[in-house]
Protein chains: 2
Amino acid sequence: MNSISNLVDIYRLTNRKITPQRLAIFNVLDSNTDHPTAEEIYEQVKSQIGNVSLKTVYQTLNELESLNQIQIIDVGTGTSRYDPNVNQSHHHLVCQNCSKVKDIELDISGEMLKAFGQNSGEFKIDRVEVVIRGLCEVCLGKGSSKQSEL
Amino acid sequence: MNSISNLVDIYRLTNRKITPQRLAIFNVLDSNTDHPTAEEIYEQVKSQIGNVSLKTVYQTLNELESLNQIQIIDVGTGTSRYDPNVNQSHHHLVCQNCSKVKDIELDISGEMLKAFGQNSGEFKIDRVEVVIRGLCEVCLGKGSSKQSEL
DNA sequence: TAGCTAATTAACAATCATTGTTATAATATA
DNA sequence: TATATTATAACAATGATTGTTAATTAGCTA
C-alpha cells in the first residue's frame, strides 16, 4: 500500500470522495502487519471515529484491492484477511492453532519457478503463493492445545 | 485415499456403518482427480443412488478427512474442494478464470525447505502448500474473458 | 430370520462471512 | 452556498456449511 497521502491522491484522481470512514480505514491499514480481518478493521475504525458500517469497510477494502493498494488473502481459515504489503513479494505463515498469519519473505525465483513451469503443462502461471502451515511462537509456548484467544 | 474396500474396512474397524450413501460417496471419490466440491459430489451421488442429503455428504467428507483419507482444499474460491489424493505429496494449480484446480507434483524439499525454515523464525513448520494461480488450458484457448461454464 | 439398539439419515433451521438494495447524508466544485 | 454526484447506513439477502431432532437403517444377536 502507498502512504496515506498517496492514497488520498489516488482517490481524488479517480473521482472518489475523501470521507472520514475511508481515511480511518487507510489509517488502520497503514503499515499494518497483522493481516486483520474485515471485522477487526471495522472494530478499530469504530474506536477511532465512532461510527462505520461493516458494509463500508468491505466496500473500501474491495476498492483498495482493485486499485492494487492492498492484497486480499484467503488461507482457508474461513475469513479473508487484508494485507497492505503489496510492494515486497512475500508469502504467508499460518498458525494451525490460532489462525494468525505472518509474512515470510521467500525468493521463489530461478530454479523454483523453472521447476514449477516444467510441471504445469499448458497452464499459464500468473503467480505463485506459498502457504506454510504450522504453529506460531505463541501457540508453541502454550503447548498445542486448541485455544482461540489472541 | 485408500481403495474403496480399504475404506470399508476402516469404517468397520471404527464402528461406523456401511450405508449406501457412504458407499456412493466413496465411489465418487475413488481415483477422482477433479477436485470436486461438496455440491458436485452430492449431484453425482444423487444420480447414482437417487437420494442423499447435502448434509450427509458434508458429514462423510469431514469424517474422511479426520480419518486422513481425503484432503479438504480451500484455495480461496469460496468453496471447499475435496481431494482423495493423500498419498503423493502434491500442490495445486488454480485457474483464475474458471476456478478449476489441477494437481501439480513439486518437489518441495532440500534447498527450498531449508530456505523456508531459515526465514520462518520461531514458527514450527508442519507443511508447505504451494498454490499456483493462472489460466488453465481451456481458458487460455478461449481468450481470457470471464466465463464460468465447464 | 426377526428383533434390538446404536448409528445414520433427512428435513429443516441456523450460522457466518460477505454482498445487494435503497433512502439518506456528505463531499467537492462552481 | 447550492448542486450534482458519490458514499454511507440500515437492512435484507445470499451461499456455503453446520446444528438439531425425529425417523430410519445397519449390523449384531437370539
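What you are looking at is a predicted structure, and each value in this text was computed from that prediction instead of being measured. Protein chains get the first letters and strands the later ones, always in sequence-line order, with residue 1 at the start of each.
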- Note on the structure: DNA chain D nearest-nucleotide lookup for B:I18 and A:R16: closer to the 5′ end is A:R16

- Bounded by its outermost nucleotides with an atom under 4.0 Å from a heavy atom of chain A, the footprint on DNA chain C reads C:dA17 to C:dA28

- D:dA7 OP1/OP2 closer than 4.0 Å to side-chain N/O of A:R22: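 Indeed, a polar side-chain atom of A:R22 lies that close.
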
Sub-4.5 Å side-chain heavy-atom contact between [X] and [Y]:
X	Y	value
B:T60	B:Q21	no
A:I70	A:L29	yes
B:L7	B:L64	yes
A:N85	A:M1	no

Starting at [atom1] of [X] and ending at [atom2] of [N], how long is that distance when rounded to a whole Å?
X	N	atom1	atom2	answer
B:L23	D:dA26	CG	P	10 Å
B:L54	D:dG15	CG	P	14 Å
B:E39	D:dG15	CD	C1'	10 Å
A:K55	D:dT14	NZ	C1'	13 Å
A:R12	D:dT6	CZ	P	16 Å
B:E40	D:dG15	CD	P	16 Å

- Query: Looking at A:F26 versus A:Y11, is the centre-to-centre ring distance below 6.0 Å?
  - Reply: yes

- Query: Regarding A:N119 and B:H91, is there a side-chain donor-to-acceptor distance under 3.5 Å anywhere?
  - Reply: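 There is no such pair (donor and acceptor under 3.5 Å, judged by atom type) between the side chains of A:N119 and B:H91.
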
- No-H, no-angle donor-acceptor pair, A:K17 side chain to D:dT5 base, under 3.5 Å: yes

- Query: What distance do B:T77 atom OG1 and B:R133 atom CZ have between them, rounded to the nearest 0.5 Å?
  - Reply: 8.0 Å

- Message: Filter on side chain to side chain donor-acceptor pair (under 3.5 Å), then keep only pairs touching residues 25-34 of chain A, sequence neighbours left out; what's left?
- Response: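 Side chain to side chain donor-acceptor pair (under 3.5 Å) check on residues 25-34 of chain A returns A:N27-A:Q48.
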
- Task: Select base, sugar-phosphate, or nothing to describe what A:S80 touches, counting heavy atoms under 4.0 Å on all strands.
- Result: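 Sugar-phosphate, backbone atoms only, no base.
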
- Heavy atoms under 4.0 Å, any strand shown: does A:S53 hit a base, just sugar-phosphate, or nothing?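 Answer is base: heavy atoms of A:S53 come under 4.0 Å of a base.
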
- Message: Between A:K124 and B:E137 (salt bridge meaning N to carboxylate O under 4.0 Å), is one present in this structure?
- Response: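 Salt bridge: no.
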
- Query: Of all of residues 56-77 of chain B, which get a heavy atom below 4.0 angstrom from DNA chain C, listed by number?
  - Reply: B:T56, B:Q59

